[in-house]
Engineer: 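This is the structure I have questions about; it appears just below.
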Amino acid sequence: MLKPETYLREQIARALATAFALENDLEIILERPRQENFGDYATTVALGLAKTLRNAPRSIAETLLEHFADDAGLVEKTSIDGPGFINFTLKPTFWQQYLLQILSEGERFGASGWGGGEKVQVEFVSANPTGPLNVVSARAAAVGDVLVSLFNQVGFDAKREYYINDAGRQVRLLGASVSARYMQLLGHDEPVPEDGYQGDYVIDLAREILDEDGDRYAAQPKEERAEKLAEIALAKMIRLHQAAMEQYRVQYDVWFRESDLRRDNKHQQILETLKQKGLTYEKDGAIWFKSSDFGDEKDRVLITREGEPTYFLVDIAYHEDKYQRGFQKIYDLWGPDHHGYIARMSAAIQALGHPKDSFQVRIIQQVNMLRGGEVVKMSKRRGNIIEMQEVLEEVGIDAARFFFIMRKLDQPLDFDIDLAKKQTDENPVYYVQYAHARVANILEYARSQGVEIADEADVSVLREAEELSVIKKLAEYPEVISKAAKFLEPHRVTNYLMELAATFHSFYQKHRVVSDDVALTQARLKLVQGTKLVLKNALDLLKITAPERM
RNA sequence: GCGCCAGUAGCUCAAUCGGAUAGAGCGUUGGCCUCCGGAGCCAAAGGUUGGGGGUUCGAUUCCCUCCUGGCGCACCA
């Protein structure tokens, strides 16, 4: 498929080579002018070369254009504007043919190969199995899921992973909390530990266990009971989390258990490795890692005074395990409370000899749930939280995914529950889905009128401004995908969907697709099919329904 | 106190690696259905891009400084 950007870059590079004998390693910036009357593409090379060539930008641009060959004859018009922008307008013929190419690519349209099959992993959500999932988890789930899809679209071999912290202190606390509630239900006076889990879900867990297993744990010693109940409660919570992710259309490749790492003593091995590298020392009865040697603000404890491995040590082992499984790039999406944790993890990655940039963390910022204009606060410990399930049930999965993806991931997000529920034009999800339904309906209507949609059509009749605008907008799609993947910005896809929907609605309002003009009808049906295809491709990527009717 | 992120239209947000006249949606105002879905379209009003300096052909974007907001600074996870 001949991409306009690729072609123009190549032609410009050739012109530069013949005109100024410049090496071809120069990166040619090609952008889409903000304003349509400047043409389809613009380059700033002349501005950039002014210094090295010791010449005025406009003069450089002129010389360049004299040597611009346009081998394939795609360019209709070139111009030099402003301080030295070179603008290119492609022939309508090019765009008309491009529409057919988009259709022939089908669901592969938008995909590319620049990832080169590199193995990439995104770890996201990884919520503690000691409580219900909250809305930040819902946001992380949507974002992580779409990131992986984006990576795969552009040629990476990307996997989804969920890390389950099913070991350590938090789990012991859960056990003690469930145990207390269990005994309370049986009429005993066993208080929930002060730093334990206070949420109502703990009572629900205890009641469930009581219903299923009876009071058989009451006779056990407290410690033993807590341990047993921790095990049972944990299994229940994990199943809940897995069910929630599935319902949310997120398919993880791996659910990784911290307890497996501990069982295999992976953390001890890492400790040995760090010791051998001379990166540890003892102080105050604890074992420390010299993370400050690698950019962290201070050193960190690996083994506590009590001889317990810290979460950090086990986490280092976990990340090392990712590398050993062959991943070349590792992305972690963490919650806003893990901000201060990045530097030490990055230090550990480097200490183990991995490239610094092979490990990247993105903080999924806080979500403010607004109801009636008021922020609903949440705190897992107190149990006063908004659960992910509640949100999904209330606003629906399509709206939830769209809203969470719509914003840059490292910025706090205001989620207006009332808006997400509205089935009106205020709600962007419906705007986009409506465009798809409308497009589907046109095809349906054509068939009902006895119009046979031919495989081939003479698209050269598509000369109206609105028609070409739609094709040009469709043509932007692969670039949107590439950039969304490159910059980890899935919100580019939702923005694009809204633009494409608007461009199509605008065309639709002005021109009739199915008419007495047989040739024009066929050509416009191709335009409609192209729009449907790209809307569907993008919505599929986001795992949002593309309805045939609403 | 130190660190990270942010501050753009009344509100929620965009803005291509430093590019041209800073764009959308909602809200407001005014138009558009004998016709493929009006969950739509067209138009108008609305901006000192938090303030001040700097770098240069050019700054919302980079640097410095100040102001404001969020978050983080455990031998917790």
Side-chain angles (χ1 to χ4, degrees), chain A residues 27 29-35 38 42 44 47-48 50-51 56-58 81-85 87 128 130 165 167-171 173 195 258 283-288 297-298 300-312 314-315 335-343 363 365-366 368 370 373 406-408 410-414 416 419 422-435 437-446 448-449 451 476 479-480 483 487 491-492 495 498-499 501-502 504-515 521 524-525 528 549-550:
Chain A
E27 199 193 350
I29 296 168
L30 209 61
E31 50 195 28
R32 230 166 267 277
R34 280 190 216 263
Q35 279 170 243
F38 282 133
T44 56
L47 293 161
K51 234 170 223 167
R58 290 191 68 104
D81 297 292
F85 292 92
N87 292 315
N128 276 331
T130 49
N165 304 124
R169 208 179 88 93
Q170 302 291 329
V171 172
L173 273 174
D195 48 357
E258 180 185 353
K283 196 182 89 183
D284 306 332
I287 300 176
W288 296 70
E297 60 187 27
K298 58 180 182 176
R300 307 290 174 176
V301 171
L302 298 173
I303 301 286
T304 68
R305 206 180 303 146
E306 282 79 30
E308 285 258 346
T310 58
Y311 177 84
F312 179 44
V314 183
D315 212 15
D337 50 339
H338 285 62
H339 198 127
Y341 195 75
I342 300 173
I363 296 294
Q365 274 297 346
Q366 165 190 356
N368 296 315
L370 303 175
M406 202 164 56
R407 302 287 176 235
K408 275 190 191 144
D410 54 0
Q411 279 179 32
L413 165 70
D414 287 337
D416 187 334
L419 175 64
K422 275 190 193 159
Q423 303 204 358
T424 70
D425 55 356
E426 293 168 56
N427 192 337
V429 190
Y430 287 93
Y431 183 78
V432 171
Q433 290 186 320
Y434 178 72
R438 174 177 258 179
V439 156
N441 189 260
I442 296 168
L443 296 173
E444 186 54 42
Y445 176 81
S448 77
Q449 296 301 111
V451 178
E476 280 179 32
E479 198 189 337
V480 169
K483 289 200 167 146
F487 300 118
H491 75 278
R492 288 169 182 270
N495 282 351
M498 288 188 271
E499 286 169 20
F504 182 81
H505 283 314
S506 189
F507 154 77
Y508 172 89
Q509 205 71 26
K510 200 156 174 192
H511 305 287
R512 219 186 138 73
V513 175
V514 181
S515 67
T521 299
R524 285 186 173 162
L525 284 171
V528 171
R549 56 174 54 89
M550 292 169 74

Engineer: Atom pairs, N/O to N/O, protein against nucleotides 20-24 of chain B, distance under 3.5 Å?
Structural biologist:
from  : atom 1 : to      : atom 2 : distance (Å)
B/A20 : OP2    : A/Arg34 : NE     : 2.3
B/A20 : OP2    : A/Arg34 : NH2    : 3.0
B/A20 : N6     : A/Asn87 : OD1    : 2.8
B/A20 : N1     : A/Asn87 : OD1    : 3.4
B/A20 : N1     : A/Asn87 : ND2    : 3.1
B/U21 : N3     : A/Gln35 : NE2    : 3.1

Engineer: Please write out the pairs of protein N or O atoms and N or O atoms of nucleotides 1-6 of chain B separated by less than 3.5 Å, giving the distance to one decimal.
Structural biologist:
from : atom 1 : to       : atom 2 : distance (Å)
B/C4 : O2'    : A/His339 : NE2    : 3.1

Engineer: Of the nucleotides B/C57, B/U16, B/A14, which one has an atom closest to the side chain of A/Asn495?
Structural biologist: B/A14
Engineer: Which nucleotide, B/A74, B/C35, B/A77, lies nearest any side-chain atom of A/Glu258?
Structural biologist: B/A77
Engineer: Could you run down the sub-3.5 Å N/O contacts of the protein with nucleotides 9-12 of chain B?
Structural biologist:
from  : atom 1 : to       : atom 2 : distance (Å)
B/U12 : O2'    : A/Arg407 : NH2    : 2.9

Engineer: Under the salt bridge (charged side-chain N to carboxylate O under 4.0 Å, His left out) rule, collect the residues that match up with A/Arg58, sequence neighbours excluded.
Structural biologist: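 Here no residue qualifies.
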Engineer: Applying salt bridge (charged side-chain N to carboxylate O under 4.0 Å, His left out), name anything that partners A/Glu297, two or more places apart in sequence or on another chain.
Structural biologist: none
Engineer: Categorize A/Asp284 for me: base, sugar-phosphate, or nothing, with a 4.0 angstrom heavy-atom threshold over every strand shown.
Structural biologist: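 Answer is base: heavy atoms of A/Asp284 come under 4.0 Å of a base.
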Engineer: Could you check A/Gly285 against A/Glu499 and say which one's nearest nucleotide on RNA chain B is further toward the 5' end?
Structural biologist: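 Going by which nucleotide is closer to the 5' end, it is A/Glu499.
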Engineer: Please name all residues satisfying side chain to side chain donor-acceptor pair (under 3.5 Å) with A/Lys510, sequence neighbours left out, ordered by chain then number.
Structural biologist: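 Only A/Glu466 meet the side chain to side chain donor-acceptor pair (under 3.5 Å) criterion with A/Lys510.
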Engineer: Under 4.0 Å, counting only non-hydrogen atoms across every strand here, what does A/Ile363 touch: a base, just sugar-phosphate, or nothing?
Structural biologist: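 No contact.
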Engineer: Got a sec, which residues hit side chain to side chain donor-acceptor pair (under 3.5 Å) with A/Tyr341, two or more places apart in sequence or on another chain?
Structural biologist: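 Expected list: A/Asp315.
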Engineer: So, OP1 or OP2 of B/G38: does either fall under 4.0 Å of a side-chain N or O from A/Arg438?
Structural biologist: yes
Engineer: Could you work out, with ring pair (Phe, Tyr, Trp, His ring centres under 6.0 Å) as the rule, every residue matching A/Phe85, not counting sequence neighbours?
Structural biologist: none
Engineer: Tell me, please, which residues at least two apart from A/Asp416 pass side chain to side chain donor-acceptor pair (under 3.5 Å).
Structural biologist: none
Engineer: Any side-chain N or O of A/Tyr508 under 4.0 Å from OP1/OP2 of B/G38?
Structural biologist: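 For A/Tyr508, the contact criterion (side-chain N or O under 4.0 Å from OP1 or OP2 of B/G38) is met.
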Engineer: Out of B/C57, B/A77, B/A15, which nucleotide sits closest to the side chain of A/His491?
Structural biologist: B/A15
Engineer: Could you check whether A/Lys510 gets within reach of a base, just the sugar-phosphate, or nothing at all, counting any heavy atom under 4.0 Å?
Structural biologist: nothing
Engineer: Measure from the side chain of A/Arg492, starting at C-beta and using heavy atoms only, and say which of B/C36, B/U16, B/G19 lies closest.
Structural biologist: B/U16
Engineer: Would you say the rings of A/Phe507 and A/Phe504 are close, in the sense that their centroids are separated by under 6.0 Å?
Structural biologist: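 Distance test on ring centres: under 6.0 Å, yes.
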Engineer: A/Asp284 side chain to A/Ala286 main-chain N or O, any donor-acceptor pair under 3.5 Å?
Structural biologist: no
Engineer: Using a 3.5 Å limit for the pairing distances, which stems of at least 3 consecutive Watson-Crick or G-U wobble pairs does RNA chain B take part in?
Structural biologist: B:1-7 with B:67-73, B:10-13 with B:23-26, B:28-32 with B:40-44, B:50-54 with B:62-66
Engineer: Check whether any side-chain N or O of A/Tyr431 sits under 4.0 Å from OP1 or OP2 of B/C41, and answer yes or no.
Structural biologist: yes
Engineer: Classify A/Phe487 by what it touches in the nucleic acid, base, sugar-phosphate, or nothing, heavy-atom distance under 4.0 Å.
Structural biologist: sugar-phosphate
Engineer: Mind checking what makes side chain to side chain donor-acceptor pair (under 3.5 Å) contact with A/Glu308, not counting sequence neighbours?
Structural biologist: none
Engineer: Applying a 4.0 Å non-hydrogen cut-off, can you work out what A/Tyr341 is touching in the nucleic acid: base, sugar-phosphate, or nothing?
Structural biologist: base
Engineer: Could you pull out the protein-nucleic contacts involving nucleotides 42-46 of chain B (nitrogen or oxygen on both sides, under 3.5 Å)?
Structural biologist:
from  : atom 1 : to       : atom 2 : distance (Å)
B/C42 : OP1    : A/Ser506 : OG     : 3.0

